[in-house]
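Values reported hereafter were calculated over all heavy atoms of this structure, with side chains retained and with hydrogens, waters and symmetry mates removed. Lettering of chains follows the sequences in order, A, B, ..., and the numbering in each one begins at 1.
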Protein chains: 2
Amino acid sequence: MKKSALQQARSAYQPKLPQVLKGAVKVVEGRPTQSVADQEEIKKLFPNTYGLPELTFEVAEGGAQGKPLNVGVILSGGQAPGGHNVISGLFDGIKSVNPDSRLYGFLMGPGGFVDHNYIELTSEIIDDYRNTGGFDIIGSGRTKLEKKEQFDKGLEILKELGITALVIIGGDDSNTNAAVLAEYYKQIGAGVQVIGCPKTIDGDLKNDLIETSFGFDTATKVYSEVIGNIQRDCNSAKKYYHFIKLMGRSASHIALECALQTQPTYCIISEEVEEKNLSLNDIIENIAQVIVARANAGMNYGTILIPEGLIEFIPAMKRLIAQLNDLLAEKAAEFGAIDNAAEQRAWIIEHLDKENAEAYASLPEGVARQLSLDRDPHGNVQVSLIETEKLLSEMVGKRLRALKEEGAYTGKFSALHHFFGYEGRCADPSNFDADYCYSLGFNAAQLIEAGVTGYMSSVRKLTLPAAEWVAGGIPVTMMMNMERRHGEMKPVIQKALVKLDGKPFLKFAEQRQNWASGVEFIYPGPIQYFGPTEVCDPTTMTLKYEHE
Amino acid sequence: MKKSALQQARSAYQPKLPQVLKGAVKVVEGRPTQSVADQEEIKKLFPNTYGLPELTFEVAEGGAQGKPLNVGVILSGGQAPGGHNVISGLFDGIKSVNPDSRLYGFLMGPGGFVDHNYIELTSEIIDDYRNTGGFDIIGSGRTKLEKKEQFDKGLEILKELGITALVIIGGDDSNTNAAVLAEYYKQIGAGVQVIGCPKTIDGDLKNDLIETSFGFDTATKVYSEVIGNIQRDCNSAKKYYHFIKLMGRSASHIALECALQTQPTYCIISEEVEEKNLSLNDIIENIAQVIVARANAGMNYGTILIPEGLIEFIPAMKRLIAQLNDLLAEKAAEFGAIDNAAEQRAWIIEHLDKENAEAYASLPEGVARQLSLDRDPHGNVQVSLIETEKLLSEMVGKRLRALKEEGAYTGKFSALHHFFGYEGRCADPSNFDADYCYSLGFNAAQLIEAGVTGYMSSVRKLTLPAAEWVAGGIPVTMMMNMERRHGEMKPVIQKALVKLDGKPFLKFAEQRQNWASGVEFIYPGPIQYFGPTEVCDPTTMTLKYEHE
């Protein structure tokens, strides 16, 4: 691997640890915990790991060397900046317990665990990946670890390698599965602890004790960098509206954080759309009115941020998609026999109920076609394929032409489109993510040494300097509730959506009128690793406001 | 303007100047110059400004204070990082000649000059924009300054403000127009000097004496940052081919520079496509064969860089587009009467000559339709609207399916698409661009003080430390040749395309087979402003190799 000049310089960075993790620790048990909802069902499903106490580490005197630990680690799901630092922290953590400890990495995600593909992570390998982005040290994958056969198959290789603890680095689903695995291994007396680590750029794996998932800080900084650059371009050329879609399958944390960092002309928050029961046309009208007002003030340019998951938060679209899924599954043959696009469209409109037919008819042809033709293997509409940024700009353009005919709009409207996602998931971690991830991994080693299972590594008080961060463990069951998934009720970690009464959203709501009516753009610039602390070290506005 | 933490810290940066510009200078005249071609015609067109000598500044003793200078400045064309530093360098330069000098900025490009829209640039304004990206200090525009009436109209405001020198910051076209303006003002005895500054992220305004245009360094670093991040993602997930289109309307310097910085799996260079007379199908076949070979080695992922201007460099596409333009202009009514897409397609194929008909028939439906329907006000195909990255991946996918049926390909092919352009044009300038731009502006002030006109500000030896840079002026006519534009022969600055026998391309060509057959990705990371010099200060690989 040929390293860039930056990576060479950056490899020397020593991530900051909470003071408490720098020497021997003692474990302080809190009170027994409860799941956030559905306590009875979840208790029944996790008889061995439900109700465990919250754990906090405190500085201990002396501290004898522990026994060597043999640990396995898995990267699960989409990439997030800092994964390599979780692993290097874990490596240094188990080595600090005993230098003969060993770390094994399962390759390409949970699939490598089930299929027994692994490497031993030596210090030579680890050193090559410190403070770098990506998950390429062992790769990641999306295999879901949820079946008993997988657990048993994986246990074979754990036994063979003498591994007694498994660290799963993943999002809400992967940590849910980690909890199920922990329960199962406990139940069968496998002698293997399972520890989770909170990863996702989406920022939707958080609660009172997991303040943020790792990667959210770096990814939103990269997106804010390029949004800021586009905004400066927009404000220089003064002739385009940039429609910018941001990754984040469900919650709008990324869009909200980027909006707080860059102060765009307009930003859609999916959770607000749902709460206010807005239709697609309502959204279009809102944007069009902002554009009309700006045109009246002589400004025919601006930026509009769009969360990737928007479509599924529009109640009317959700209903339309649900009916389309049923209709096209039920009458697949009849629909399949029509080979003309116009007739297909007419057939669909005829077979939908009135409200859905109207919603469908209002969609631009391309999107309507996509909804009826591009279907996944289960026959469902592939919402993620919809280019929402183009859909919105096309509909806004149409609405503005109508307003122009009425004499209500006199501006010019030219749109450009962007989608940012892959640009941020594997960036080199910011100082914050480098420190946080390293601490999460190091802390996981302490949880292993403490002998617990079914816990998530938790590092808190993240707006304080790293030395003052609080470290410990949170029982995963504590974050769970029962939700319907693929027609079945399942215990899952509750997804954290944007709270409309939360500080970050309120701060946004308080300022957005100014952003819409003027040019309040902020240009954050690229992540800096070597500059003054006020440039390099602050974490997200979301965390800042949540902890104010 | 609310500044980000980075911008606040960065505003204190003092751009480096060549040693020679730090005090009084004397002007050293070289020999009279000649245009690069068509000397007789160009001499005839520029009787007053042809054949001027190349100028170099050298350190002078003492140096009395000059008279106050009244200078106007125009930003012309697309944004490029560092424009604000050219202006702040120019400001500091004329103030160093005499503190009573004044600088006026014409608003929103050459249009502001013609229409008398301007502001005086005071030190308060200038200080707010030092070391920042964007052209928003006075805005830019694409009005072409080429008519006598515009020159005369502009002269009125120059006279009114007592401006005796005009600095035009622009690309090849804008500098061509600056030379025409210089000649005209000289001819009529207007008493106004005109000085150009070489700007464009495209990197195609360069020659022996203008080593690079400003902005190319920063823009390619931003693109390389996000390409590197995508490559790390690609190498972590190991399941996608990323087709990445890069801005640059004509030459492929940006794609080549980004390839040298990031070592992608594949990179298309338009100039090579033209030279080798490759068809679109040849390009597809080349990419498909790389993908087949990688699949055989177990790799179903990679990155492919595509220069924005590609289509117009494919000789067969150029011929097809030319015939389409003629055909659809000639038989507009007949074609317009057909309202069915399939029949339109058939009609076009029937009316094209055999070779063009085949090329047209081989295009995916969407692109073919775009070629026949999306036409500019002059009736020409809008090549820039073609999403080349999707066109290529669609055609590659089709070719791979055919190869799979023949049993010649067993891999999986999933493609993702990106287009980067607006992300880099207004980034905060790198140290190199901050220094280079400031020096270009400061140097322009010295050219004004030297009383010359029709010169371009030239700062050379750019791979040496800034203190050792050579400063001076190059007669714009020296870079000119005659070219056909809109049916007329015109004197224009020769566009610098990628030279296939130049070092940068040869370095690329020497390594690309390795990049294609393995994973040789480099991840440059974001521009750093405060770190070690080997991270913050180096300029492009293109310049490095050109000067080796």
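Comparing A/Ala9, A/Ser140, A/Ala237, A/Gly525 by heavy-atom pairs within less than 4.5 Å of chain B, the highest count is held by A/Ala237. Chosen from A/Gln231, A/Lys2, A/His242, A/Lys239, the residue pairing most often with chain B at heavy-atom distances under 4.5 Å is A/Lys2. Note on B/Val519, B/Ile230, B/Val226, B/Leu75: by heavy-atom pairs under 4.5 Å with chain A, the leading option is B/Ile230. Among B/Phe420, B/Phe521, B/Phe530, the residue making the largest number of heavy-atom pairs under 4.5 Å with chain A is B/Phe530. Comparing B/Gly421, B/Gly139, B/Gly133, B/Cys536 by heavy-atom pairs within less than 4.5 Å of chain A, the highest count is held by B/Gly133. For the set B/Thr132, B/Ile138, B/Ile137, the count of heavy-atom pairs under 4.5 angstrom toward chain A peaks at B/Thr132. Chain A forms more heavy-atom pairs under 4.5 Å with one residue of B/Glu225, B/Glu534, B/Glu520 than with any other, namely B/Glu225.
Heavy atoms of B/His417 lying under 4.5 Å from chain A are absent altogether. No part of B/Ile227 comes within reach of chain A, as not one of its non-hydrogen atoms sits under 4.5 angstrom from that chain. For B/Gln528, the parts lying under 4.5 angstrom from a heavy atom of chain A are both the backbone and the side chain. Using a 4.5 Å cut-off between heavy atoms, B/Arg142 contacts chain A through its side chain alone, with no backbone atom that close. The contact between B/Val222 and chain A is made entirely by side chain atoms (from C-beta outward), counting heavy-atom distances below 4.5 Å. If you measure heavy-atom distances from B/Gln263 to chain A, the contacts under 4.5 Å come from the side chain alone.
Of the inter-residue distances, the one linking B/Asp233 atom CG with A/Asp136 atom CG reads 9.5 Å to the nearest 0.5 angstrom. Atom OG of B/Ser4 and atom CD of A/Gln261 lie 10.0 Å apart (nearest 0.5 Å). Atom-to-atom distance recorded for A/Tyr422:OH and B/Ile244:CD1 is 12.5 Å, nearest 0.5 angstrom.
A donor atom on one side chain and an acceptor atom on the other are not found under 3.5 Å apart for A/Asn229 and B/Glu423.
B/Arg232 places no side-chain N or O within 3.5 Å of a backbone atom of A/Cys426 that could act as its donor or acceptor partner. A/Ser236 places no side-chain N or O within 3.5 Å of a backbone atom of B/Gly134 that could act as its donor or acceptor partner.
Between A/Pro526 and B/Pro526, the closest heavy-atom pair is CB-CB, 3.7 Å.
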